[in-house]
Amino acid sequence: MEKKSRRSFVKALGVSIGAAGVVGGSSILNSCTQVASTNSDTITLLTSSGELMKVDKSQLKPADLPSLSENQKRGREGLPGRKFVMVIDLSKCRNARQCMKACQNHHQLRPEQHHINVLQMQDAENTAPYYMPKPCQHCDNPPCTKVCPVNATFKREDGIVLIDNERCIGCRFCIAACPYSARVFNWFEPRDAEKYEGVTYNIEANVPQKKGTISKCLFSADRLRDGKLPSCVSACPNGVYWFGDQNEDAVTNGTTHETTSFSKLIKDNAAYTLMEELGTKPRVYYLPPKDRAFPFQGEIDQHHS
Amino acid sequence: MDKVKSPEESRKLLDKITFDLTRSIVKRDEFTNFWYFLLIIFALVGLWGWGIQIRDGLGVTGMRDYVSWGMYIANFVFFVAVSLIGFLISSALHLLKIKWSKVISRVAEQVAIAAVALAGIIIVTDMGRPDRFLNVFLHGRFASPIIWDVTVVTTYLTISVLLYYLPLIPDLALLRDKGTDDIPQWKRNIYRILALGWKGHAEQYKLIAHAMRILMILIIPVGLSIHTVTSWLFAATLRSGWDTTIFGPYFVAGAFVAGVAAVIIVMFLYRTRYGLKDYFEDYHFNMMGKLFVLVCLVYLYFNINEFLVPGYKMKTAESIHLSNLFTGKYSTMFWATQFFGLLLPITLMVNKYFRKPVPITIISVFVLIASWFKRYIIVIPTLEHPFLPVQNVPENFQHYAPTSIEIMITVFSFMAALLIITVLAKMFPVITIWEYAEEKGISREIISEPKK
C-alpha cells in the first residue's frame, strides 16, 4: 500500500494539481521532498503538510477530474465492497501529535479545530493516565446522521460517515447528537480561505472548508480512493494506528507498514470501542493502554517530539 | 347570557362596548409614538447585529465546538413555550366550556402568534448558513426532529392565525358598518377588505362556529406537538441532562407556566392603558391566578421527577451535570428559577389577595423572567460537560458566555414580539366584540344591522 513507484506518485500529483488549480492548495500530496530540487521550468505547489514546493512542469499530467456533482455523487456512495476500520493501540501513543498536525494540514483546519484530538485520559481516580487519540468513530449506528435535517451528513456503504458542506445549513444538531465530541464547526472563515478560493469542493476531504458549516474526521476518504492510508495513520511515528478493510480482515500499521489480521489483532489484545453502552457501534477499536511503551507525563507541551 | 334586552337598550350597550373596545385602535398619543420608536430602534439594532453575524460568521457569538447551542436556542425554546398558551386558553378551555376564558382568547392568540412567529425567526438567526434555509424544504429528511419541528411550528402558526382571524371577521364587519369616524380611514378600509363581505346571516355564524370547532380540536395535537418536538431536539441526543424520557411533558408543563404569565402581563397592560377595567375584570385575573397555580403545580411535579430521580442515583455524567446545577457554576441561576418561577407563585397565589390584578402581574413578570433563564440552564450546562474531556482548545471553548451580538439579537426578538402584539392591538379590538355583546344579551340582528 505504501511503497509508491515514481509513476504513481506523479499520477497522484496530476490529480491534485487539477483539483487545486495552479496556485491553489492541494490536499493529496505527501512525501514531496523527493522531487523538490528539480531545475528549469518549475511550478510552486502547496503540500499536504502545508509547505510550498517547486515541481518540474514536465512531471505534471493533466488531471482526470470529476465535476462537482459527480464528485459528490461518488463521494456519497463510497468505495464499493469496502468496510473501513481503524484500530488504535493506546499502549503505543506517546502524544507525539503528528496525527493532529497532518490532519489539520490535510483538511484545512485551524489550530483549535481537531478532526482527531489526542486526549489525556484517566478512567478512575487511581488508574494510570494515558493518551487517547480520538477521531470520529464512524459509528454503524451514527446519532449524528440521524438528526441531520438536510442529509448533509450521511453514512456511506464503506462505513465512512461523511459531510457535504455544500448542503449543510449549520444547525449544529449533529454536534449536539455526537457523544464523542467529534465534530467541529467553522465559526469563522476557515484557515487560509484565500488560498483555497476557487478550488473545486472535494467532499471526500471536505476541502475547501466553508464558513458556517460542519467538519469532522472522514478517514481521509480522498486518500483511501487513491489507495493510501489516512493522513493521521501515515503521519504517526509510533505505530499507534492500524487501518484497513474489515471485509478483507486486514489492517496495516501506518508506521511499520506491517499488515495483520484485523480479527486476530482485536481478539488477542482485548480491543474495545468507546462508550459501547450507547449503542453507537463505532468502527474505531481501541487496544487497551497496558504495558505502555512510553510513560505518561503530565505536561503535554513538553511532548512535541 | 344575560336576559334579553329591548332593542333600544341593546343598541346603546353595543355602542358603549364598541366604543370601549376600539379605544386601543383610536388612541394615539405621545406615548404610542414613543413606544413604537423604542421597539423599532431596538429591533433595528438587533438586525444590525445579525448583519455583523452574517458577515463574520457565528464566531461572533460565544458559542464554540462544545457549547454549540447557546442563547439563541434557549430563547427559541422560550418563545415556543410562550406560544403554547394560545392553544390552552382559546382551545382547550373553550372545548371544556369554560366561560371566563372567552374574553382572554384574543389576547392569548395575539401572544401565541407573536411568540411562534419569533420562534421561527430566532431559529434562522442560529443557523450557520441562513442563505441555505430552503434546503430544509428541498432536502428535508423526515428522520430529523428539526423537520418535525419545522412542520409543526408552521402548522401551529397557521392554525393560530386562523383562530385569531375567524372570530375577528364579524368584528371587522361591525367596525366597517358602525365604526366611529375617529377610526382612521385606512384602518376602516382594511376592515372592509378583511371582513370578506360579512353580512351576519345565521348561516355565516354557523360556518364560523363550525370552522372554529374544527380548528380548536386540530390545534390540540399540534400544540402539544410543537413543544414536545422542541423538547426532543434535546431528548433525542445521548447527553446527560437531556437524555430523559419526561422531556416532552416537562416542557409542555413549563410552557403553560410561561404562557399564563405572559398573557396576564398583556391583559394588565391593556386593562390600564386602554381603560378596560370592566372587561378584564378582577374576576378574570382571579381565575387566571387559579389556573396559574394549577400549571405551576404540574410543572413542579415534573421538576421533582426531572431532578430528584437522577439526583438519587448520581450516575457519573449525570452527577457532574447535577452538581453543576445544584451547587456549582449555575446554582444561583438554578435555584433562582425554581424559587421565582415555581415556589413563589404557588405559595403566594393560593392566597386570594395575590390574585388581584397588580400583585399577580408583578408575580407574572418574575415568573416570565425565571422561565427564560430556566431555558438557558436547560440548554447550556449540559453542553459544557460532554462525555469526553474538553482539551487542546482555547479557554473560551470550555465555557459559554453570550456576546453582545447575541444579546442584541435576543433583545431584537423581544422587541419584535412586542411590536407584533402592539400592532395587533392597535389594528384590531383586543376582545371579541360580538361574542362579548352576545354574552351581554344583545341579539345578532342588532350586532349585524348597519349604521343608521
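Order of the sequence lines fixes the chain letters, A, B, ..., with proteins taken first and strands second; residue numbering starts at 1 for each chain.
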Shortest non-hydrogen contact from [X] to [Y]?
X	Y	answer
B/Thr237	A/Ala177	CG2-CA, 4.0 Å
A/Lys134	B/Leu388	CD-CD1, 3.3 Å
B/Val60	A/Phe188	N-CE2, 4.1 Å
B/Arg132	A/Asn165	NH1-O, 2.7 Å
A/Cys168	B/Arg129	O-CG, 3.8 Å
A/Pro143	B/Leu238	CG-CD1, 3.9 Å

For chain B, find which of [options] contributes the most heavy-atom pairs closer than 4.5 angstrom.
options	answer
A/Glu112, A/Lys211, A/Lys146, A/Arg183	A/Lys211
A/Asn186, A/Thr145, A/Leu274	A/Thr145
A/Thr280, A/Ile175, A/Thr213	A/Ile175

Roughly how far apart are B/Leu233 CG and A/Cys171 SG, rounded to 0.5 Å?
9.0 Å
How far does CZ of A/Phe173 sit from OG of B/Ser144, to the nearest 0.5 angstrom?
5.5 Å
State, with a plain yes or no, whether a side-chain heavy atom of A/Arg172 is found less than 4.5 Å away from one of B/Asp126.
yes
Is any side-chain heavy atom of B/Phe387 closer than 4.5 Å to one of A/Leu278?
yes
Worked verdict on A/Arg97 versus B/Asn392 for side chain to side chain contact (heavy atoms under 4.5 Å, CB included):
CA-CA 11 Å; A/Arg97 303 200 165 197; B/Asn392 309 323; 2.9 Å; yes
Donor-acceptor pair, distance only, cut-off 3.5 Å: does the side chain of B/Arg141 make one with the backbone of A/Cys148?
yes
